[in-house]
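Every number for a ligand or one of its atoms is a count from 1 in the order of the listing.
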Amino acid sequence: MTQKNCYILGIESSCDDTAAAVINNGIILSNVVATQAIHEQYGGVVPELASRAHQQNIVPVVHQALHTANIDKKELSAIAFTRGPGLMGSLLVGTSFSKSLAMGLGIPLIDVNHMQAHILAHFIKAEGQIAPNFPFLAMTISGGHTQIVKVTDYFEMEVIGQTIDDAVGEAFDKSAKILGLPYPGGPLVDKYAQKGNPKAFKFPKPKVGPMDFSFSGLKTSVLYFVEKQVNQNPDFISENIEDICASIQFTIVDYLMDKLKNAVKETGIKEIAIGGGVSANSGIRNALKEAENKYGWKTHIPKFEFCTDNAAMIAIVGELKYKNKSFAENNVVASARMKF
Ligand code: KG4
Ligand code: ZN
């Protein structure tokens with residue numbers, strides 16, 4: 001079969017997004033995501049509810065992906081699915097569904113590492129998206145992940161820095177919650193931050209390894225700071241929301257940039273690819289642009305729909321593995337703590 005007629009269905013169910021996508025020769029024909037709104041009222045993802053919602057959503061989402069791509073399931077060449085890391089109950093839904101579909105259609109099954117997929121999303125062919133050159137540094141920043149990876153080839157990746165506690169998206173969301181903003185508060189912090197003074201308030205930057213991250217202390221210092229101020233002035237938050245958000249965002253972005261600078265120094269690699277939901281943040285986008293001019297870095301941020309959890313990134317990895325005939329056995333199991 002020529003590559004031209006190779007259609008891979010990607011399925012993602014590692015956390016709270018049920019997603020399916022079809023890829024053909026690097027081009028995404030459909031990219032469907034059902035985001036589970038049920039978690040909003042709990043202020044975070046509830047694993048039990050997530051698995052249940054995946055089970056509800058997976059068939060309609062796959063149907064929609066095939067329909068939008070305008071292909072029949074019999075035309076599929078392989079099924080690629082997220083094997084891990086992620087929430088076990090969520091992963092089991094996608095894994096079992098993918099196994100059954102591949103078996104029913106008599107086509108290969110391809111297991112995908114979600115973290116590798118965030119990075120390889122940069123190789124999707126899309127307008128305005130230029131694939132990075134090897135070697136490059138990938139920084140994946142979202143509500144579930146914060147890591148810096150040295151990428152020497154498609155499947156040669158080494159984690160050189162990661163969070164020892166919360167993910168950066170959690171730092172945004174938990175700070176937002178302290179300020180009374182709804183979940184997930186990251187985009188709102190960003191919105192207010194754009195009108196505030198980033199130097200208005202100072203928050204400490206936690207000290208860990210040069211390329212590692214820690215965010216739990218930041219959340220605590222925001223909490224103590226806000227409590228103290230509100231004791232003196234009950235309207236402190238509403239009167240200063242823009243400056244508070246700008247100061248929190250400045251601290252986080254500066255911290256991310258410190259870590260990237262350390263990684264560039266350590267590896268000598270100046271090409272940087274960003275992924276994950278937090279890459280939407282205006283602060284990090286501006287800081288990266290500035291670093292291009294100031295330090296000669298080359299930076300990449302994929303289209304936003306390929307940054308957040310999605311199945312297009314699973315499909316591109318599926319396609320890369322399909323070319324190498326790197327297929328999964330039928331007894332493959334989901335892996336909540338899957339490593340590279
Ligand atoms: O990749 P994603 O959609 O899902 C996972 O966490 O896997 O990322 C969601 C995270 C949330 O924590 C959300 O608050 C954060 O990304 N986020 C932002 C922005 N947009 C999304 N954080 C800061 N600024 C933004 N503009
Ligand atoms: Zn993710």
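The protein non-hydrogen atom at the shortest distance from atom 24 (N) of ligand 1 is Asn281 ND2, 2.9 Å. Nearest protein heavy-atom neighbour of atom 6 (O) of ligand 1: Gly143 N, 2.7 Å. In terms of protein heavy-atom proximity, atom 14 (O) of ligand 1 is closest to Asp173 OD1, 2.6 Å. Distance from atom 7 (O) of ligand 1 to its nearest protein heavy atom, with residue and atom name: Asp309 OD2, 3.0 Å. Closest protein heavy atom to atom 22 (N) of ligand 1: Gly186 CA, 3.6 Å. Atom 21 (C) of ligand 1 has Gly277 O, 3.4 Å as its closest protein atom, hydrogens excluded (heavy atom only).
Atom numbering of ligand 1 starts at 1 in the shown order; those under 4.0 Å from a heavy atom of Gly169 are 12 (O). Close approach of ligand 1 to Gly144 (heavy-atom distance below 4.0 Å) involves ligand atoms 6 (O).
Residue nearest to atom 3 (O) of ligand 1, selected from Asn310, Thr308, Val278: Thr308 (by heavy-atom distance).
Ligand 1 lies within reach of Pro187, whose nearest heavy atom is under 4.0 Å from it.
Ring geometry for Phe225 against Phe201 counts as tilted: the plane angle lies between 30° and 60°, on a 0 to 90° scale.
Remark: the Gln147 side chain and the Thr140 side chain contain no N/O donor-acceptor pair separated by less than 3.5 Å. For the residue pair Gln36 / His39, a side-chain donor-acceptor distance below 3.5 Å is found, with atom types taken as modelled. Looking at Ser51 and Gln55, their side chains never bring a donor and an acceptor atom within 3.5 Å of each other. For the residue pair Asn310/Glu305, the side-chain donor-acceptor check at 3.5 Å is not satisfied. A donor-acceptor contact closer than 3.5 angstrom is absent between the side chains of Asp166 and Ser216.
Here the rule is ring pair (Phe, Tyr, Trp, His ring centres under 6.0 Å) with Phe123, and of Phe155, Phe134, Phe306 only Phe134 fits it.
A salt bridge links Asp111 with Lys321: the distance from a Lys NZ or Arg NE/NH1/NH2 to an Asp or Glu carboxylate oxygen falls below 4.0 Å.
For the Zn ion (ligand 2), the count of nearby protein N/O/S atoms, taking only those under 2.8 Å, is 4.
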message = side-chain contact (heavy atoms from CB on, under 4.5 Å) for Val59 and Phe97? Distances and angles first, verdict last.
response = CA-CA 9 Å; Val59 172; Phe97 178 89; 3.9 Å; yes
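Here the side chain of Arg337 pairs no donor or acceptor atom with the backbone of Pro85 at under 3.5 angstrom.
Of the heavy atoms in Asp190, only side-chain atoms (C-beta onward) come closer than 4.0 Å to ligand 1.
The closest side-chain heavy-atom distance from Pro302 to Ile124 is not below 4.5 Å.
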